[in-house]
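Starting from 1, each residue takes its place in the sequence as its number. All figures in this text were calculated on a predicted structure; none of them were measured in a lab.
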Amino acid sequence: MLFPTVIAALAASGQLAAAAPQPGLRLVKTSEEDPGQWVTEEQKWELFKSKGIGFIDVTDIKSEKFLQRLSTKPSARVSGRLVDFPTELSHIEEANGFIASASLEGPQSWLSSLAEYHTRHYQSESGQEAAQWFFELVTEIASVNPAITVEQFEHSFNQPSIIARLPGASEQLVIAGAHYDSTTGSATSRSPGADDNASGSVTVLESLRVLAEAGFSPQSTIEFHWYGGEEAGLLGSADIFAEYSAQGKNVTSYLNQDMAGYSPSGTPTIIEDYSDPDLNEFMNLVITEYTGQAPNRDSCGYGCSDHASATANDFPAAFIFEDLTDQTSPYIHTPNDTPDTIMWEAVERHIQLTIGYLVEASYI
């Protein structure tokens with residue numbers, strides 16, 4: 001729960017709801033101006049998720065700075081960026097060599113397996129089973145390189161996040177991440193979550209497989225993240241990035257992959273809000289070079305995905321979406337978000353750009 005002193009300080013400033021929490025309620029924010037609303041888990045779906053309204057569950061956030069940034073427009077924040085992103089790419093031949101070994105065989109199999117779970121809702125038994133299965137899969141894939149470590153990051157809820165770490169010459173962190181939970185509103189309803197977000201999860205996993213099998217030795221340390229509890233208000237990523245901030249970790253960049261498998265236009269999209277403008281320009285170079293096409297530009301609003309957690313903790317973040325937000329999959333958050341709706345050429349593009357990003361960013 002929130003520290004009482006943090007609640008009091010932010011309530012006094014009008015940034016957070018002052019009402020005392022009630023058992024079973026969660027405090028969520030839908031904008032910087034929203035002081036917060038105490039709601040049930042069911043109301044998260046009824047009031048927000050089912051209507052496409054982004055929100056962040058701030059109940060367990062302990063950092064006053066983190067909460068204050070969630071109540072401050074990005075344009076008014078002071079950036080803590082520690083690196084300058086290059087204006088040209090310098091490791092194209094190396095990255096293309098890795099990309100050439102990427103395949104859709106693994107991602108297609110992994111996505112089908114994830115979608116076979118009745119739901120990956122973070123409060124469901126099958127969501128916990130999916131977490132264990134995916135952890136074992138990541139561990140198996142990473143095992144070809146003994147230097148890579150894989151761990152479960154435990155939360156106050158029962159669906160852990162997963163972190164694979166490829167050590168580099170420096171402790172600077174370059175991260176690619178995706179959430180692996182799913183929802184259609186309750187912990188018991190069918191939620192295959194193929195596009196949202198098995199597609200992003202397997203994109204990050206295939207990038208790990210390629211770099212692990214190639215024996216890539218990066219300059220910066222690379223981490224691959226899979227978050228639990230995103231659909232309930234960015235819970236997993238909020239915990240991880242808050243801890244990284246508290247520990248003083250140097251995250252030079254974070255790339256978010258949330259929905260990578262449905263793209264009628266055939267063009268990925270840079271999400272420009274709640275992300276780092278300079279990193280976005282760097283990603284424009286990466287996407288153009290490694291997919292062969294210039295990306296679209298769009299916005300997705302407050303709390304729409306895990307890049308918001310990185311941004312609120314002062315880490316440069318980018319979110320590359322499958323298409324423009326009005327052309328995205330119509331099946332998400334329904335039982336119809338199934339593997340047969342996936343456009344695999346879109347997943348392939350996201351794998352290409354993710355590998356390109358990880359290689360290029362690891363040298364910054």
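Relative ring orientation between Trp45 and His333 is described as perpendicular, the plane-to-plane angle rising above 60° on a 0-90° scale split at 30° and 60°.
Under the 4.5 Å side-chain criterion, counting only non-hydrogen atoms from C-beta, Arg26 is in contact with Leu235. Counting heavy atoms from C-beta outward, Phe134 and Trp226 have side chains that approach closer than 4.5 Å. When side chains are defined from C-beta on, Asp84 does not count as touching Pro86, because their heavy atoms never get closer than 4.5 Å. With contacts defined as side-chain heavy-atom distances shorter than 4.5 Å, the pair Ser253/Tyr357 qualifies. Inter-residue side-chain proximity for Ser182 and Asn197 is flagged as unmet; no heavy-atom pair is nearer than 4.5 Å. For the pair Thr269/Ile320, no side-chain contact is recorded, criterion being any heavy-atom separation below 4.5 Å from C-beta on. Ser220 is not listed as a side-chain neighbour of Leu173, based on a closest heavy-atom distance of 4.5 Å or more. Using a 4.5 Å heavy-atom cutoff, the side chains of Tyr290 and Asn96 are in contact.
In this structure, the side chain of Ser124 engages the main chain of Gly127 through a donor-acceptor pair within 3.5 Å. Judged by distance alone, with hydrogens and angles left aside, the side-chain atoms of Glu348 form no donor-acceptor pair with the main-chain N or O of Ser103 at under 3.5 Å. Of the possible polar contacts, none joining the Asn313 side chain to the Phe315 backbone as a donor-acceptor pair under 3.5 Å is found. In this structure a side-chain-to-backbone donor-acceptor pair under 3.5 Å is missing from Ser201 to Ser199. Panel note: side chain Ser161, backbone Gly228; a donor-acceptor pair is recorded below 3.5 Å. A donor-acceptor distance shorter than 3.5 angstrom exists from the side chain of Ser275 to the backbone of Ile271, with no hydrogens or angles considered. Remark: the backbone N or O of Gly301 is paired with a side-chain donor or acceptor of Asp273 at under 3.5 angstrom. Under the 3.5 Å distance criterion, the side-chain polar atoms of Lys29 are matched with a main-chain donor or acceptor of Asp34. A donor-acceptor pair under 3.5 Å is absent between the side-chain atoms of Arg120 and the main chain of Ala131, judged by distance alone. Without hydrogens or angle criteria, Ser191 side chain to Thr119 main chain gives no donor-acceptor distance under 3.5 Å.
Here the CG-OG1 distance, from Leu25 to Thr40, works out to 7.0 Å after rounding to the nearest 0.5 Å. Here the NE2 atom belonging to His307 is positioned 11.5 Å from the CG atom belonging to Leu279, to the nearest 0.5 angstrom.
Counting non-hydrogen atoms of other residues, nucleotides and ligands closer than 6.0 Å to NZ of Lys249 gives a total above 12. Other residues, nucleotides and ligands contribute only 12 or fewer heavy atoms inside 6.0 Å of the CD atom of Glu140. By the 6.0 Å contact criterion, CD on Gln247 is enclosed, its count of non-hydrogen atoms from other residues, nucleotides or ligands being greater than 12. Summarising the local packing, OH of Tyr331 is surrounded by 12 or fewer heavy atoms from other residues, nucleotides or ligands at distances under 6.0 Å.
Clustering ILVMFWY residues whenever any of their side-chain heavy atoms sit less than 4.5 angstrom apart, transitively, puts Val144 in a cluster other than the one holding Phe135. Grouping the Ile, Leu, Val, Met, Phe, Trp and Tyr side chains by contacts below 4.5 angstrom, directly or via other members, places Ile240 apart from Phe157. Transitive grouping of hydrophobic side chains (ILVMFWY, heavy atoms separated by less than 4.5 Å) brings Leu104 and Trp110 into a common cluster. Taken together through direct or relayed side-chain contacts under 4.5 Å among Ile, Leu, Val, Met, Phe, Trp and Tyr, Tyr274 and Val251 form parts of separate hydrophobic clusters. Under a hydrophobic clustering in which Ile, Leu, Val, Met, Phe, Trp and Tyr are joined whenever their side-chain heavy atoms come within less than 4.5 Å, directly or via other members, Leu67 and Ile56 fall into the same cluster.
Taking the six-membered ring for Trp, Phe241 and Tyr254 have ring centres closer than 6.0 Å. Side-chain rings of Phe98 and Phe216 approach one another, their centers coming within less than 6.0 Å.
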* Candidate pair Thr184 and Ser189, rule side chain to side chain donor-acceptor pair (under 3.5 Å), full reasoning -> CA-CA 6 Å; Thr184 52; Ser189 58; 2.6 Å; yes
* Can Tyr227 and His179 be said to form a ring-ring contact (aromatic ring centres under 6.0 Å, His included), step by step? -> CA-CA 4 Å; Tyr227 307 116; His179 75 88; 8.5 Å; no
* Worked verdict on Ile53 versus Leu47 for side chain to side chain contact (heavy atoms under 4.5 Å, CB included) -> CA-CA 8 Å; Ile53 299 172; Leu47 299 177; over 6 Å; no
* To do: Starting from the C-alpha separation in whole Å, work towards a yes-or-no answer on side chain to side chain contact (heavy atoms under 4.5 Å, CB included) for Thr221 and Val174.
  => CA-CA 6 Å; Thr221 295; Val174 171; over 6 Å; no
* **side chain to side chain donor-acceptor pair (under 3.5 Å) assessment of Gln128 paired with Gln132** => CA-CA 6 Å; Gln128 296 174 46; Gln132 183 61 32; over 6 Å; no
* Verify side chain to side chain contact (heavy atoms under 4.5 Å, CB included) between Phe319 and Cys300, making sure each step is shown before the conclusion. => CA-CA 10 Å; Phe319 178 18; Cys300 69; 4.2 Å; yes
* Asked: Under the side chain to side chain contact (heavy atoms under 4.5 Å, CB included) criterion, do Ile270 and Asn284 qualify, and how do the steps go?
  -> CA-CA 8 Å; Ile270 294 174; Asn284 181 70; 4.0 Å; yes
* Asked: Run the side chain to side chain donor-acceptor pair (under 3.5 Å) check on Thr183 and Lys49 step by step: do they pass?
  -> CA-CA 9 Å; Thr183 191; Lys49 184 69 71 172; over 6 Å; no
* To do: Could you give me the CA-CA distance, side-chain angles and deciding distance for Glu125 and Tyr117, then say whether side chain to side chain donor-acceptor pair (under 3.5 Å) is met?
  => CA-CA 10 Å; Glu125 183 177 347; Tyr117 287 95; over 6 Å; no
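The pair Lys73-Glu33 meets the salt-bridge criterion, since a charged nitrogen lies less than 4.0 angstrom from a carboxylate oxygen. Salt bridge Asp57/Lys44: present, at least one basic N to carboxylate O contact under 4.0 Å. Salt bridge annotation for Glu116-Arg190: absent, with no cationic side-chain nitrogen under 4.0 angstrom from a carboxylate oxygen.
Here the shortest heavy-atom pairing between Gln159 and Gly229 reads OE1-N, 3.1 Å.
Using modelled atom types and a 3.5 Å distance limit, the side chains of Thr328 and Asp323 yield no donor-acceptor pair. Side-chain contact, Glu223 with Tyr244: a donor N or O sits under 3.5 Å from an acceptor N or O. Of the N and O atoms on the side chains of His350 and Gln257, at least one donor lies less than 3.5 Å from an acceptor on the other residue. In this structure, a donor-acceptor pair under 3.5 Å is present between the side chains of Ser305 and Asn256. Using a 3.5 Å distance cut-off with no hydrogens or angles, the side chains of Gln327 and Tyr262 do not pair a donor with an acceptor.
For Ser362, there are no side chain to side chain donor-acceptor pair (under 3.5 Å) partners, not counting sequence neighbours. Asp298 pairs by the side chain to side chain donor-acceptor pair (under 3.5 Å) definition with Thr325, not counting sequence neighbours.
For the side-chain hydrogen bond (donor to acceptor under 3.5 Å, both in side chains) criterion with Thr267, the lone passing option out of Arg349, Glu322, Gln293 is Gln293. The side chain to side chain contact (heavy atoms under 4.5 Å, CB included) test with Leu358 singles out one residue from Val204, Leu211, Leu255, Val286, and that residue is Leu211.
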